[in-house]
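A quick write-up on the structure given underneath.
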Amino acid sequence: MMKPIVVVPTYNEIENLEKIAGLILEQPGGFHILIVDDNSPDGTGRLADDLSSRHPGEVFVLHRARKEGLGRAYVEGFERVLLKMPEYDAILQMDADLSHDPAALPEFLKLLERHHLVLGSRYLHGVNVLNWDFKRLLLSKGASVYVRTITGMPYSDPTGGFKAWRREALDAIGLERLFSNGYLFQVETTYRLHRTRGFSIGEHSIIFRDRDLGRSKIDFPIILEAVWGVIRLRLTGR
């Protein structure tokens, strides 16, 4: 069986971190956690260290000096696993705010036996989103249609952030060449593997639940980056 680690970026997630860490650790399959904290002023980093001390060898912490965006946090976390944690051959990514259900992790791991990347999809079988108003749902669905139209990728939810990688697939996309920083990061990483021969991408239907605690990190610059960044990916392939 693959040995899995879940990379969880955090910024001001002190209300959610302990709960999501506990849920991840209790899943069958031996999931470990790498928390990547962007120097959260609310004490999330200190809580992460405490969790690591309570779960030695299962919970690891990477402290970054400042907040630079979701993409940069993931890149540094992925690089830590690829360069310094060779025992892990399945690398998963998910949000810390409980919008992604840790109970889905074992199925992701099972699907990695057949695919090099598995995308968690909110729209594979209808709409599986809870606690969103119609405006936000329309924006999300529109973004998925936009990305598929511009890039030619066939996946039902290319903007989602609940994903599972085989080590060799993550290594193949060239983390050092990624330009995206916000939520475009999810599209760019999938697109790079989509254009790389010899790799298979699958989808797994998930239920997405909007956060109950804390504040969303989405803002206008992130949306603008995504709109223009998708065009850049299609025109340049990078």
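As a basis for the values below, the full set of heavy atoms in this structure was taken, side chains included, without hydrogen atoms, waters or symmetry mates. Treat the numbers as computed from the prediction; the structure is a model and nothing was measured. For the single chain, residues carry numbers from 1 onward in sequence order.
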Taking all non-hydrogen atoms of both residues, which atom of [X] and which atom of [Y] are closest, and how far apart?
X	Y	value
P9	L70	CG-CD1, 3.9 Å
A172	F199	CB-CZ, 3.7 Å
A103	Q27	CA-OE1, 3.5 Å
L17	T10	CD1-CG2, 4.1 Å
L112	A90	CD1-CB, 3.8 Å
P41	N12	CD-OD1, 3.1 Å

Nearest 0.5 Å, please: how far is [atom2] in [Y] from [atom1] in [X]?
X	Y	atom1	atom2	answer
N16	T44	CG	OG1	9.0 Å
L51	R46	CG	CZ	13.0 Å
E79	D171	CD	CG	10.5 Å
M85	L82	CE	CG	10.5 Å
T196	I201	OG1	CD1	8.5 Å
K163	F108	NZ	CZ	10.5 Å

Item to check | All side-chain contact (heavy atoms from CB on, under 4.5 Å) counterparts of K110, not counting sequence neighbours | outcome: E107
Next on the checklist: So, using side-chain contact (heavy atoms from CB on, under 4.5 Å) as the criterion, who are the partners of I173 when residues are at least two apart?
Outcome noted: W165, L170, L175, T189, R192, L193
Electrostatic pair [X]:[Y] at N-O distance under 4.0 angstrom:
X	Y	value
R54	D50	yes
K19	E13	no
R64	E68	yes
R122	D157	yes
D89	K3	no

Checklist entry - Once the angle between the rings of F60 and H32 is folded into 0 to 90°, is it parallel (under 30°), tilted (30 to 60°) or perpendicular (over 60°)? => result tilted
Checklist entry - Honestly curious: do V145 and Y191 fall in one hydrophobic cluster under the side-chain, below-4.5 Å linking rule? => result no
Checklist entry - When hydrophobic residues are tied together by side-chain contacts of less than 4.5 Å, even through go-betweens, does V61 share a cluster with V75? => result no
Item to check | Check against side chain to side chain contact (heavy atoms under 4.5 Å, CB included), H194 and Y155 | outcome: CA-CA 10 Å; H194 174 75; Y155 317 114; 2.8 Å; yes
Between [X] and [Y], do the side chains contain an N or O donor and an N or O acceptor separated by less than 3.5 Å?
X	Y	result
S156	S121	yes
H63	D38	no
H115	S200	yes
D37	S40	yes

Item to check | From CA spacing to verdict: side chain to side chain contact (heavy atoms under 4.5 Å, CB included), N39, K67 | outcome: CA-CA 7 Å; N39 197 21; K67 183 182 179 184; over 6 Å; no
Next on the checklist: Strictly distance-based, threshold 3.5 Å: is any side-chain N or O of S52 a donor or acceptor partner for the main-chain N or O of A48?
Outcome noted: no
Next on the checklist: Whether the side chain of D95 engages the backbone of D97 through a donor-acceptor N/O pair (distance < 3.5 Å, no angle test) should be reported.
Outcome noted: no
Next on the checklist: side chain to side chain contact (heavy atoms under 4.5 Å, CB included) for L23 and L98? Distances and angles first, verdict last.
Outcome noted: CA-CA 10 Å; L23 290 170; L98 297 168; 4.1 Å; yes
Next on the checklist: Test side chain to side chain contact (heavy atoms under 4.5 Å, CB included) on V7 and F78; report intermediate values, then the result.
Outcome noted: CA-CA 7 Å; V7 179; F78 289 158; 4.1 Å; yes
Checklist entry - Quick one: does Q93's side chain get under 4.5 Å of Q186's, heavy atoms only? => result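 The answer is yes; the side chains approach within 4.5 Å.
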Checklist entry - Looking at the rings of F208 and F162, which for Trp means the six-membered one, are their centres under 6.0 Å apart? => result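 Here the rings of F162 and F208 have centres that are no less than 6.0 Å from each other.
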Item to check | Of L178, T159, V230, the residue whose pairing with L184 passes side-chain contact (heavy atoms from CB on, under 4.5 Å) | outcome: V230
